[in-house]
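Accompanying notes for the structure given below.
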Amino acid sequence: MADIIDGKAIAAELRQQIAADTQVLIDQNITPGLAVVLVGEDPASRVYVSMKEKACATAGIYSVEHKLPSETSEAILLELIDQLNSDEKIDGILVQLPLPGHIDEAKVLEAISPGKDVDGFHPYNVGRLLTGNPVFQPCTPFGIMKMLESIGVDLQGKDVVIVGRSNIVGKPVALMCLAEHATVTICHSRTVNLPQKVAAADVVIAAVGRPEMIKGDWIKKGAIVIDVGVNRVGDKKLVGDVDFVAACENAAAITPVPGGVGPMTITMLLYNTLVSAKRRAER
Ligand code: GUN
């Protein structure tokens with residue numbers, strides 16, 4: 001039976017350290033500040049944004065939320081970002097994705113000052129990650145790496161199979177694993193023989209957004225399974241991208257959904273905001 005990787009507990013410990021470090025900065029008259037921008041009414045985004053706000057408050061980080069109606073023009077959004085770029089109280093800017101269809105996402109992400117891009121989505125930060133000299137690392141993959149570190153997984157020489165190639169998770173986590181000297185395979189919807197690819201993995205990172213698509217008997221005995229999926233089935237139930245119960249038979253350790261990767265993502269947002277404020281303190 002697999003060990004359950006308690007993301008909630010790992011996140012709680014990190015958040016305590018973040019809160020303590022935040023207090024040290026506040027004592028030097030530097031309060032870390034995060035601006036969260038939400039355009040439109042997407043229910044999941046609203047939940048995420050309110051969780052981010054609460055987490056900031058608990059850590060002692062100042063946060064402001066800018067809720068804009070879904071019909072907001074791209075120009076107005078860009079103007080707000082400009083304003084936040086030059087706001088001295090703000091160390092981090094996060095524009096919640098997805099954006100409404102009439103807004104060019106790439107243009108918006110490029111408008112955020114790379115030095116305040118706590119999501120790590122600006123092409124500058126993407127490039128810095130690619131070349132192995134990161135400034136801000138995207139929160140979900142960063143949280144996955146912290147989690148693996150905290151349970152003592154050494155990726156050197158390991159076969160890591162990632163299912164999903166998004167800019168938010170799949171691609172950046174691949175780069176992070178590569179930086180830790182893993183051999184990385186990125187699989188996706190057109191991958192041929194996916195079960196065989198997954199079966200070769202020492203570490204499986206599932207980030208496809210399809211409920212329980214990765215079957216338990218694909219998992220190699222003793223593998224580590226990180227499930228990034230958050231899929232709502234029926235009215236209330238949340239399930240991951242991995243068939244959890246069956247995967248537990250083979251995995252050495254596995255993240256649950258919820259309570260696995262989720263709490264780590266927001267934790268790393270707090271962490272990035274704190275780091276940004278520390279850089280301000282040193283300027
Ligand atoms: N939407 C889904 N994940 C994320 C994330 O990590 N950051 C932002 N800004 N939007 C998201």
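Just so you know, ligand 1 is whichever comes first in the structure, and atom 1 is the first atom listed for that ligand. If you're wondering where the values come from, they're calculated on a predicted model, not measured in any experiment. Numbering of residues begins at 1 and proceeds along the displayed sequence.
Among protein heavy atoms, the minimum distance from atom 11 (C) of ligand 1 is reached at Gln96 NE2, 3.5 Å. Of the protein's heavy atoms, Ile168 CD1, 4.2 Å lies nearest to atom 4 (C) of ligand 1. Nearest to atom 1 (N) of ligand 1 among the protein's heavy atoms is Leu97 O, 3.0 Å.
Within the 3.5 Å criterion, the main-chain N or O of Asp227 finds no donor-acceptor partner in the side chain of Asp241. Panel note: side chain Lys116, backbone Ile112; no donor-acceptor pair is recorded below 3.5 Å. A donor-acceptor pair under 3.5 Å is absent between the side-chain atoms of Arg165 and the main chain of Lys171, judged by distance alone.
Which of Leu269, Val230, Asp119 comes nearest to atom 5 (C) of ligand 1 through a heavy atom is settled by distance: it is Asp119.
By the criterion of a heavy-atom distance under 4.0 Å, neither the backbone nor the side chain of Thr265 is placed next to ligand 1. Heavy atoms of Tyr48 found under 4.0 angstrom from ligand 1: none, in either backbone or side chain.
Within the listing of ligand 1, atoms 9 (N) sit less than 4.0 angstrom from a heavy atom of Leu94.
Here the closest non-hydrogen pair linking Gly92 and Val118 is CA-CG1, 3.7 Å.
In terms of polar-atom proximity, defined here as any N/O pair under 3.5 Å, Val95 does make such a contact with ligand 1.
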Check against side-chain hydrogen bond (donor to acceptor under 3.5 Å, both in side chains), Asp27 and Gln23: CA-CA 6 Å; Asp27 293 342; Gln23 191 54 52; 3.0 Å; yes
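Residues Asn272 and Phe142 are in side-chain contact: their nearest non-hydrogen atoms beyond the backbone lie under 4.5 Å apart.
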